[in-house]
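Before any comments, here is the structure.
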Protein chains: 2
Amino acid sequence: MASAKQVYIGIIGAGGVGKAFLSQLELLAKRPSGPKLVLCYISTSSKSLYHSNYTALEIPSAISQLQANSVGAPPALPKVVEYLASVPGGSKAVLIDNTSSQDVADSYPAFLSRGVSVVTPNKKAFSGSYKLWQDIFGAAAASGAKVYHESSCGAGLPVISTLNDLVATGDEVTRVEGVFSGTMSFLFNSFAPTEGAGGKWSAEVKKAKELGYTEPDPRDDLNGLDVARKLTILARLAGLPIESPTSFPVQSLIPKELESVASGDEFLQKLPEFDSQMDEVKASAEKEGKVVRFVGSIDVTSKQVKVGLEKFDRSHPIAALKGSDNIISFYTKRYGSNPLIIQGAGAGGEVTAMGVTSDLLKVLSQI
Amino acid sequence: MASAKQVYIGIIGAGGVGKAFLSQLELLAKRPSGPKLVLCYISTSSKSLYHSNYTALEIPSAISQLQANSVGAPPALPKVVEYLASVPGGSKAVLIDNTSSQDVADSYPAFLSRGVSVVTPNKKAFSGSYKLWQDIFGAAAASGAKVYHESSCGAGLPVISTLNDLVATGDEVTRVEGVFSGTMSFLFNSFAPTEGAGGKWSAEVKKAKELGYTEPDPRDDLNGLDVARKLTILARLAGLPIESPTSFPVQSLIPKELESVASGDEFLQKLPEFDSQMDEVKASAEKEGKVVRFVGSIDVTSKQVKVGLEKFDRSHPIAALKGSDNIISFYTKRYGSNPLIIQGAGAGGEVTAMGVTSDLLKVLSQI
């Protein structure tokens with residue numbers, strides 16, 4: 001086995017995922033086997049820490065050092081590409097993108113074509129234009145650099161690796177269905193529980209926001225775009241050339257009248273006026289003995305992707321979900337009528353970072 | 001990336017899994033990228049096909065050629081080790097063991113120490129003596145050869161890879177629990193369904209046997225040893241030095257009086273006399289509003305492993321299982337109160353072979 005003696009790591013992003021990743025990286029760096037890991041670059045949108053001679057940064061303290069006043073702004077992305085592509089001694093470098101930045105995502109082809117592997121939970125690269133998708137995987141194939149993005153759907157849950165394995169081993173994936181948003185999961189498990197009456201819709205949205213389960217403006221969850229992005233990624237991996245996350249039907253749960261109110265706070269304040277709409281949705285499902293859930297589905301055979309409300313029997317695994325868990329069901333030719341199901345927390349710094357770290361381990365085993 | 005130009009594949013076993021694997025290997029061999037795959041050896045317990053100069057065997061027709069009368073007996077295992085360790089041109093070789101043979105399992109350290117990677121669904125190697133386990137992973141670590149065995153628990157379900165990722169990224173696995181036997185799943189989902197009365201125990205065992213869901217002698221399922229073997233593997237991966245699958249409590253569902261009857265047929269004939277015992281078990285669970293299931297569990301914190309009957313609320317995912325599906329729940333520090341759950345078919349030639357093929361892909365990406 002050819003294994004690089006040391007591998008250089010560059011990290012962009014030092015938020016919740018970035019912090020959790022750094023403590024997992026510290027553990028990894030202490031492994032007795034495998035290549036030596038050298039953290040040589042870390043940046044946020046406003047600051048960066050690196051040495052032109054690639055001196056290793058201290059892993060545990062990198063983020064606190066980054067926050068010091070004396071630390072300068074990050075270089076432009078092409079400079080970061082050049083820096084990581086030029087690590088010393090014929091070593092390899094890996095970029096860890098722990099942001100949700102479109103700009104960083106747009107630069108993956110540049111990193112990859114220069115031999116820098118990319119590991120990221122950033123959905124933007126894989127759910128943006130189809131051309132960017134092709135450029136990313138084309139650049140990786142040409143240079144041999146690796147690109148892994150397990151945490152771009154379902155955080156650390158083994159969703160993308162499983163879909164890739166199904167496809168690569170020749171199974172025929174016919175349908176993918178699930179609850180892909182922790183926020184939507186929490187909202188509907190509370191609003192339309194399988195047992196009991198559930199709360200008012202607007203009250204549940206407010207509670208979710210207070211618990212930190214929503215974006216600062218809850219409309220960024222309720223518009224369905226986050227789920228549409230994840231569906232775009234999975235559909236493409238299943239072989240459908242989806243153009244963008246807005247090229248298929250996505251149901252928004254934002255009342256038309258509240259789409260243009262100025263702030264998330266104003267939205268939350270006015271939302272109770274529209275509770276009757278969601279009550280109707282709930283009642284209509286109950287009349288059939290069912291509950292309503294916000295799901296995404298990919299019908300690979302008919303090439304249909306959609307995101308929105310659907311009704312499920314109370315005993316259906318999607319209905320029986322707990323808390324803010326995600327659930328993803330893969331229906332395939334080999335698995336027959338009962339799908340392969342993966343379920344669990346699909347958001348949160350620690351589990352998202354776990355997906356990033358296990359992807360990094362895969363890269364390290366190959367470069 | 002250093003990638004071998006060609007990789008030699010040796011296969012032992014040509015039963016249901018072996019046949020399904022061969023057709024998946026045929027697909028893999030046609031991939032435009034990756035190393036060229038050369039099938040150079042295939043054998044059953046009585047026959048073998050190979051050329052001393054390593055001429056490639058035809059993948060699609062290898063099994064039918066193997067069945068020809070003129071084909072000779074396989075060489076002794078040390079000769080197979082020597083053969084695969086000596087592939088030409090500095091290439092690498094991978095042994096695929098699609099048997100459930102203890103002898104083949106016992107020879108993994110010899111293959112691995114000579115640089116031959118091993119991919120297998122064979123439980124025997126990983127659930128036998130703890131010394132064999134240590135010898136296998138020790139030999140792999142020393143030579144750099146790879147060993148993967150996803151299908152040794154839950155067939156193609158991503159059970160072992162997920163547990164390995166949790167451990168490798170520093171999560172603390174506190175508990176693993178689930179239904180690990182397709183046979184037991186089918187039996188209890190029919191005998192004690194969440195809705196309706198269910199059938200008589202002996203009738204369900206008979207039906208399972210007729211459907212091909214049991215071993216030729218159903219006692220080989222009912223003794224719990226298959227589940228105990230899987231638990232041994234997972235417990236060891238979670239860090240517990242389990243000595244053997246008989247070193248922890250395993251509840252057998254074979255009535256004492258029928259343990260020594262001569263045949264599976266005689267067992268099935270006499271089983272109805274003991275239906276009242278299982279009826280009592282079912283009634284006792286029903287009294288608590290629960291259903292009974294045959295589960296395995298590993299409490300990593302208290303180092304307790306056990307296999308046997310347990311009661312579950314009807315809404316519990318383990319109770320709600322369908323058909324002959326497996327379900328495996330990982331409770332960890334990061335995932336908190338809701339476990340990471342993997343569910344789906346855990347037996348069958350096609351899905352078992354899928355686990356073998358995706359393991360082979362992992363090996364190919366690393367050698």
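Atom set for the values below is all heavy atoms of this structure, side chains included, hydrogens, waters and symmetry mates excluded.
- If you tally non-hydrogen atom pairs under 4.5 Å between each of Leu27(A), Leu25(A), Val351(A) and chain B, the highest count goes to Val351(A).
- Of the residues considered (Gly348(B), Ala353(B), Gly336(B), Ser358(B)), Ser358(B) shows the highest number of contacts with chain A, using heavy-atom pairs under 4.5 Å.
- Within the model, atoms CG of Leu340(A) and CE of Met354(B) stand 7.0 Å from one another, a figure rounded to the nearest 0.5 Å.
- Leu361(A) touches chain B through its side chain: at least one heavy atom from C-beta onward sits under 4.5 Å away, while N, CA, C and O do not.
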Taking only distance into account, with no hydrogens and no angle test, what donor-acceptor pairs under 3.5 Å do side-chain atoms of residues 312-321 of chain A form with protein atoms, sequence neighbours excluded?
unit_1	atom_1	unit_2	atom_2	d
Arg314(A)	NE	Gly289(A)	O	3.4
Arg314(A)	NH1	Thr194(A)	O	2.8
His316(A)	ND1	Ile318(A)	N	3.0

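- Only the side chain of Leu28(A) has a heavy atom closer than 4.5 Å to any heavy atom of chain B.
- For residues 153-172 of chain B, the interface with chain A (any heavy-atom pair closer than 4.5 Å) comprises Gly156(B), Leu157(B), Pro158(B), Thr162(B), Asp165(B), Leu166(B), Ala168(B), Thr169(B), Gly170(B), sorted by residue number.
- The stretch residues 174-182 of chain B places none of its residues near chain A, where near means some heavy atom under 4.5 Å from a heavy atom of that chain.
- Other residues, nucleotides and ligands place more than 12 heavy atoms under 6.0 Å from the CD atom of Glu288(A).
- By a heavy-atom distance cut of under 4.5 Å, Gly323(A), Asp325(A), Arg334(A), Tyr335(A) are the residues of residues 323-335 of chain A near chain B, going up by number.
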